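Structure first, then comments.
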Amino acid sequence: MNTELTGIIVTFIITVLLAFPLGKYIAKVFSGEKTFLDFMKPVEHLIYRICGINPAQEMSWKQFLKAMLTINMLWLVYAFFMFLYQAHLPLNPDGNPNMTADLSFNTAISFVVNCDLQHYSGESGATYLTQLFVITFLQFVSAATGIACLVALFNGLKEKTTNNLGNFWSIFTKTITRILLPLCIVVAILLAFNGSPASYDGKDTIVTMQGDTVQVSRGPAAGMIAIKHLGTNGGGWFGANSAHPLENPNYFTNMLEVIGQVLIPMAMLFALGFYIKRKKFAYVIFGVMTMGILCLLIPTVISEIHGNPEIAKMGIAQATGAMEGKEVRFGPAASGYWSILTTVISTGSVNSMHDSSMPVSGLMQMLGMLVNGFYGGCGVGFLNYFIYIIIAVFISGLMVGRTPEFMGHKVEAREVKIAALVTLLSAFIVKGGAALATYYFVNHGNADWAVKPNAWLNNPGYHGFSEILYEFTSGNANNGSGFEGLGDNNIFWNVSTGFAMIFGRFLPIIGPVAIIGLMANKKYVPESAGTLKVDSLTFGMMTFAVIIIITALSYFPPLVLGPIAEYFSIH
Amino acid sequence: MKKYLLPSLKLTLVLIIICSVLYPLFIAAVSKLAPGGGKGETLKVNGKVVGYANIGQKFTADKYFWTRPSAVDYNAAGSAGSNMGPTNAEYLKQVQDRIDTFLVHNPSVKKEDIPAELVTASGSGLDPNVSPHGAYVQVARIAKARNISSEKVKALVVQQVQKPLLGLFGPEKVNILKLNIELDQLK
């Protein structure tokens, strides 16, 4: 057990040690300083020339968002039709069928918005063509979209007064050529040498030692597994995601994958400090986020190591912890660690089945997604946190009786309204969605257009409600993990979570970029003795308090009905 | 939005070539140097493939070390966990049944010594491993079924235990397929 705990502690330390220099590097890339990957410059210029892009063109916040939304809508249409007709297209060695229209709708949105909620299993529901040309592609570009929007925010914070948030095309392209692609090549090769498949061969058939004939699904998975983590996407090649022994073959790859998914979100914080030259501001935020994660992580790891009390009652010692839904090569500590990191970051890949986690862990996983800003997804993590900052600035302003200011810009009614709307939106989607689903489950449980009878929930009682709540929480947070006992491939879930994902993605991006665009346009107010020190520890704690209060007020009632009730039913 | 549409279209096409064609082909080419050539590493007995090193197999006979319960019956065409919640009564009954079955086949084992992983389903349904203790508790049964000394079987397990990464990180484990291949060679 000791080696398991050292394993997760060292994993975290390595993440920080890698994220710091990466953050420095990212700041250099976007401020146009020299880096060792400058040999990519001709490639980028070729891309700009082919696409008719002028990388030096300035963009206001509205132009920036229009460019971003146009290309995203294009991907949505492309992905929808590819899934719908995948059976008839090449690179389908296993002969997998087309997706239904509602499943295509859900899956296309899911990958465009960096959510990667999967209502299909990779082995039987997608082809090598859609896995590579749609899913892998979208995993690159959706991550780059998030990062580009965060860099727009950096640009707004950097200048005293500006109308220019940077050129979307150029920031977006550089994110792929300078950050995502190089890192992915390294990670994918390490995965391939540890046993993840990378060739285009289809299923293999073997006779086992006991004489059973079984098949083994394979495919060019290593490259996708790399970007699924580095881009905080989380959608797996195989149905069991990173619990699958080919997707995550050993403890080393487990460390690699869980480090990979935290790396860029953490590095973006350090990049913020270097880029806008306010390092202390970034360190305080890093500290607050890390504290938040520890509050979620420690109870989870403890409860997983202690095992299931219901199985203990049967007289089993459970020296290896709560093993239902977990893999022996990771054990309960690394599984618990992963389950929290993958939910605070909006990755949503899993190395254990969250549906079988202990009630405390399920609660912590959901809280991670409800906050959605402790490190958070590629780019979008800090955008979410920025909303909390604006609210904290506003409340601090009210407390001292001054017009609130943030880094020399007045925060006025319009900005606060946007921030409040974004905050309320997720509470509305999560609770509204869960209420709607529960209503249908109780009153129309047998409605064939929605779900076939008995296929709705895998577990009764409080845990069943948790399955419903988790699904909307995950969709809204663009996380993509699930309590997979839920029978989710049907019209009701495909359509409802499709909308939850698309609103949960674009409004929390549009909101912060609009706020920074509006603020950066205002006259710069020089700092004075009365200015709110946003890089102080006090302000960090203030933001933390705002996060706790908003989350508790918004979500306490549904959480009581789900994981908290389940916890008290066995303790 | 019209003026953004053309660059969007072109950029999408260029990036599909980079991210979906060149990148996976490059990784596939490099992986030819990896064990198994990027197709997954297989294990052979007398020149015949008996399985994939990383993918677990169903072992239920008394003469073999058992693997864990599986929600997909160890058919790696798919993969899944049971997704049973910790308080589900139906699930707890399944666990109780597995405990009873284990005790019938391993009469010398005390109930509290049964390792949790042998009565719970894995996350992928394809877990190739059990903990060292999970193999030790099966030694007596196997020695009896094969009519060889339990010291010999135990020594084999000890030899097959895989240490934590660098001896420092993560759990110890035993690969059941490798162990059973060696077990068949044991005289």
Side-chain angles (χ1 to χ4, degrees), chain A residues 3-4 7 47 51-53 66-67 70-71 74 123 132-133 136-137 140 188-189 192-193 195 197-199 201 208-209 214-218 220 222-223 238-240 243-245 249 251-252 308 310 315-318 320 323-329 331 352-353 355 458-459 463 484-485 570, chain B residues 1 4-5 7-8 10-11 14 16 19-20 23-24 27-28 30-31 34 38-41 49-52 54-55 57-58 75-81 83-88 92 95-96 111-112 114-117 120 122-124 126-131 164-165 168-171 173 180:
Chain A
T3 52
E4 292 190 40
I47 296 176
C51 305
I53 290 166
K66 274 182 194 166
T70 307
I71 198 165
L74 184 73
E123 294 99 331
L132 295 175
F133 280 68
T136 305
F137 165 71
F140 272 100
I189 289 174
F193 276 83
S199 83
D201 298 68
T208 68
M209 281 180 76
V214 298
Q215 291 184 307
V216 178
S217 289
R218 299 179 295 182
F238 301 103
H244 196 291
Y251 200 82
F252 170 75
N308 185 349
E310 294 284 329
I316 303 288
Q318 298 185 82
T320 43
M323 285 307 288
E324 183 69 37
K326 292 193 184 62
E327 301 281 301
V328 170
R329 62 192 181 282
S352 69
M353 294 300 129
D355 212 349
N458 202 25
N459 293 285
H463 196 86
E484 292 297 339
I570 52 171
Chain B
M1 294 230 167
Y4 302 106
L5 198 58
S8 295
K10 288 182 183 166
L11 191 55
V14 173
I16 284 176
C19 302
S20 305
Y23 165 65
I27 302 297
V30 175
S31 76
K39 299 176 182 181
E41 195 185 344
V49 172
V50 294
Y52 280 75
N54 287 326
I55 297 205
Q57 295 187 358
K58 188 162 98 175
N75 187 351
S79 57
N83 289 312
M84 291 294 191
T87 56
N88 186 334
L92 293 169
V95 176
Q96 185 63 57
K111 196 180 187 183
E112 65 262 31
I114 300 177
E117 71 268 18
T120 52
S122 61
S124 61
L126 307 171
D127 195 340
N129 304 117
V130 299
S131 69
L165 178 64
L168 295 172
F169 313 129
K173 59 190 192 288
N180 280 332

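Just so it is clear, the structure is predicted and the values come from calculations on it, not from any experiment. Letters go in sequence order (proteins before strands), and every chain restarts at 1. Only heavy atoms go into these numbers, but all of them, side chains included; no hydrogens, no water, no symmetry mates.
- At a 4.5 Å heavy-atom cutoff, the contact between B/Val14 and chain A is made by side-chain atoms alone.
- Contact annotation for A/Arg329: both backbone and side-chain heavy atoms come within less than 4.5 Å of a heavy atom of chain B.
- Using cut-offs of 30° and 60° on the angle between ring planes, the pair A/His244 and A/Phe238 is parallel.
- Of the two parts of B/Gln57, only the side chain, counted from C-beta on, holds a non-hydrogen atom closer than 4.5 Å to a non-hydrogen atom of chain A.
- A/Tyr251 is linked by a ring pair (Phe, Tyr, Trp, His ring centres under 6.0 Å) to nothing, counting only residues two or more places apart in sequence or in another chain.
- Scored by the ring pair (Phe, Tyr, Trp, His ring centres under 6.0 Å) test, B/Tyr52 finds no partners at all (sequence neighbours excluded).
- Of the possible donor and acceptor atoms, none in the side chain of A/Asn459 sits under 3.5 Å from a partner among the backbone N and O of B/Met84.
- Across all non-hydrogen atoms, the minimal contact from A/Thr70 to B/Leu5 is CG2-CD1, 3.8 Å.
- Note: A/Gly315 leads A/Ala192, A/Ala222, A/Ser352, A/Gly315 in heavy-atom pairs under 4.5 Å with chain B.
- Residue with the most contacts toward chain B among A/Ile47, A/Ile53, A/Thr208, A/Thr136: A/Thr208 (heavy-atom pairs, distance under 4.5 Å).
- Contact annotation for A/Phe252: both backbone and side-chain heavy atoms come within less than 4.5 Å of a heavy atom of chain B.
- Within the 4.5 angstrom heavy-atom criterion, only side-chain atoms of B/Pro164, from C-beta onward, approach chain A.
- Only the backbone of B/Leu168 comes within less than 4.5 Å of a heavy atom in chain A; its side chain stays farther off.
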